Amino acid sequence: MGRRHEAAEVKRLLSASRLVTLTGVGGVGKTRLALRVADEARRAFPDGVWLAELAELDNPTLLAQGVTEALQIRDHSSRPAMDILVDHLRDRQALIVLDNCEHLLEDCARLADRLLRAAPRLRLLATSRQALGTAGEQSLAVPTLGLPDPDGPRPSLAALARWDGVRLFVERAAAIVPGFELSEDNRDAVELICRRLDGIPLGIELAVVRLRALSVQQLLDRLDDRFRLLTTGSRTVLPRHRTLRALIDWSYELCTERERLLWARASVFAGSLDLEAAEAVCSGEGIDRGEILDLVAELVDKSVLLREEHPTAVRYRMLDTLRSYGRERLAESGEETVRVRRHRDYYRGLAADARAALFGPAQVQWFTRLHLEHANLRTALENCLAEPEQTECGLDMAADLLYHWITSYYLGEGRRWLDQALALCTEPDGSRARALWTNSWLAVIQSDVDAATAMLEESRSLGTRLGLEPVLAYAALYSGMVAMYRGETRSAIALYEEAVARHRATGDPVGLALALIRLSLAHSFIGDSPGAIAHGEESLEVCDAYGEGWHRAYTMMALGVDVWRQGDTVRAAALEKESLTFNRSLDDPLGVGVNLEVLAWIAATEQDHSRAARLLGVLATLWHAIGAPHSGYGHLARYHEECQAAARGALGKPAFNAAYRQGARLSLAEALEYALEDELPSGEAAVGEQPSPLTPRESEIAQLVAQGLSNKEIASSLVIAQRTAEGHIEHILSKLGFTSRAQVAVWVAEQHRDTEADDERPPEDTA
């Protein structure tokens, strides 16, 4: 069964509060969760557990009467229904589930207040799109059903089947198509269907009905037109629950006119949005800019927008199902074109502002913001390139986002955007020249030096013809990278020196710092340590003058390489760790990878070959995930190969392989802690052991959780108090960063799978 964690949390809230409200979007499973909790808590309420379904009540004056009928109270007197209800419940220890309160919110709040005051042993469990707002109320936002992290490792088939969303799909599918099972053939389609439906139980159930006529893949292919497709719901439930569309129609009708307008306009956003974006894109023609905040708050209360906490700001997310509905409404209003263009222009401006603020103290905040806005940036680019008259704006925007592509996991995507925009924008002008050298850096990082060379030649030609000194400066810089990659070190140094001179002349600190970093590495490579140090120190001066951090971190990396080559491994490690600390805070996988490379070489030099092998294992996983080995520092590959050969020779093949696998098995967070602190995480003290942040007792309890045992059953099995078992489980969830017992079960299964696989699979030879 799913929802174990949520059910436990509702019970805990009910033990502390006499009114608990489950909130969330329609179809998320509020009613089902409430009924499950009510059923499991039945023994605690000797006077009964009752369900009052309020969805059919449109007249608030009938509310008390409806609850009276639900409690099967037979009273034929002429007294008001509220008085009858109060008298009946006054001395009773009972639980009443008030289901679907949103359309009678104030009346339900008054009824709850009156009943709880009169009946001290009564408990109320309500479901609503928003909290009732009465004194003493505790609320719980019911999440959608759990699904694997789309950016995480691919789970095994057994692990995938344990996720609540997938489990519900498979259970319902088996009822529709006898013999249906999750398999390697259908697993990806099943997961995508659940994800497209946001893990909403009702959406999943309505989709599965279509398996009577469609295959899983056909169902997935047709989900884009979900509201036409999902029309056959159960006739055993209320009419408004028969289709996902009917549910959302109802939510829409409960909104005010301005709330509906904001809902429709906010549908142009992808992923999430912040208040500033909502004000810029959604205001005007019926909504003043100053009204946006209050309207956003109302849509959050109604579970149309979901509030997300981020370190820098609060953001808001709309479930994809609700966004699709809002987009339909927007199209019906005739405003779609206007809002799409405002969205496009806003994010085009955001990219330009980020590029202007690139080299300065606000750099990290901008990188973080762009990462959060990635889905919107992508949508804006799509809209730019879809209109012939806007393609040059799209080209400029893709070029402005250079550092977003490089400091994130979107490098390949950035290359594709620039390729597409360059194919559309063939005019030989400054925008094309800039985009060409921008794209060339991405190509260099991907080791596609032939493509980079061609782009740089065209960029340099345009720069010369148009007299564009900045273009010539960057063309020289990236041409130097290509030369370095090809082993033409002297030519590279000459090109880097040209880039330094041109960037000094144009007053561009970004290009100057980049060129100095590369000059430092090149001089180090030919054994010119004084030159390497001098250029590195000048780069630090440029960065410090502007309060810049990212280029500074790369400068520290470059200095660390030369200091290591000089034999000062202690200082070299300190430089790399300082650089790594910044790159980790920025979540820059390319920078992190190069830092880990140098730390592995340092370990091998210090004869700590086990550490070197572990770091090489980490790097194998990291470079594979990034798809860009050595991230544009290909000339350093020989150091990697020498490090690997030294470690394997010193340890012998079995010990090297064991240490290598140990590093490859670490999560990125664990690997970075190991790189910085020189200590393996708990459970990794011996080569070959499976990493685990849990204590032995917690690991034992995690195994029992994975077997489906309840807290009481776990306590009985281990002969400990139930409260102690609950405390252990809370610690397990906290340590693993999970929110449900199902996630613990998946994690346990993955640990077993990885241990078995490691015994069979040799590490890749990356030499």
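Note that this is a predicted model, so its numbers are computed, not measured.
No donor-acceptor contact under 3.5 angstrom links the side chains of T407 and W550, judged on distance only. In the model, R614 has no side-chain atom that pairs as donor or acceptor with a side-chain atom of Y660 under 3.5 Å. A donor-acceptor pair shorter than 3.5 Å can be found between the side chains of N595 and S579. The closest side-chain donor-acceptor pair between N711 and R741 falls under 3.5 angstrom. Looking at E597 and W623, their side chains do bring a donor and an acceptor atom within 3.5 Å of each other. A donor-acceptor contact closer than 3.5 angstrom is absent between the side chains of Q218 and D221.
Side-chain contact between R3 and R32 is absent, with no heavy atoms from C-beta onward closer than 4.5 Å. Side-chain atoms of F656 and L616, non-hydrogen and from C-beta on, do get closer than 4.5 Å to each other. Contact annotation: the side chain of M481 approaches that of W441 to within less than 4.5 Å [non-hydrogen atoms, C-beta and beyond].
The main-chain N or O of A669 is never found under 3.5 Å from a side-chain atom of R584 such that the two would form a donor-acceptor pair.
The aromatic rings of H374 and Y410 lie parallel to each other, with less than 30° between the two planes, well short of the 60° mark. Ring geometry for Y403 against F367 counts as parallel: the plane angle stays under 30°, on a 0 to 90° scale with 60° as the upper cut.
The ring-ring contact (aromatic ring centres under 6.0 Å, His included) check on Y347 picks up H343, with sequence neighbours excluded. D274 meets the side-chain hydrogen bond (donor to acceptor under 3.5 Å, both in side chains) test with no other residue; sequence neighbours excluded.
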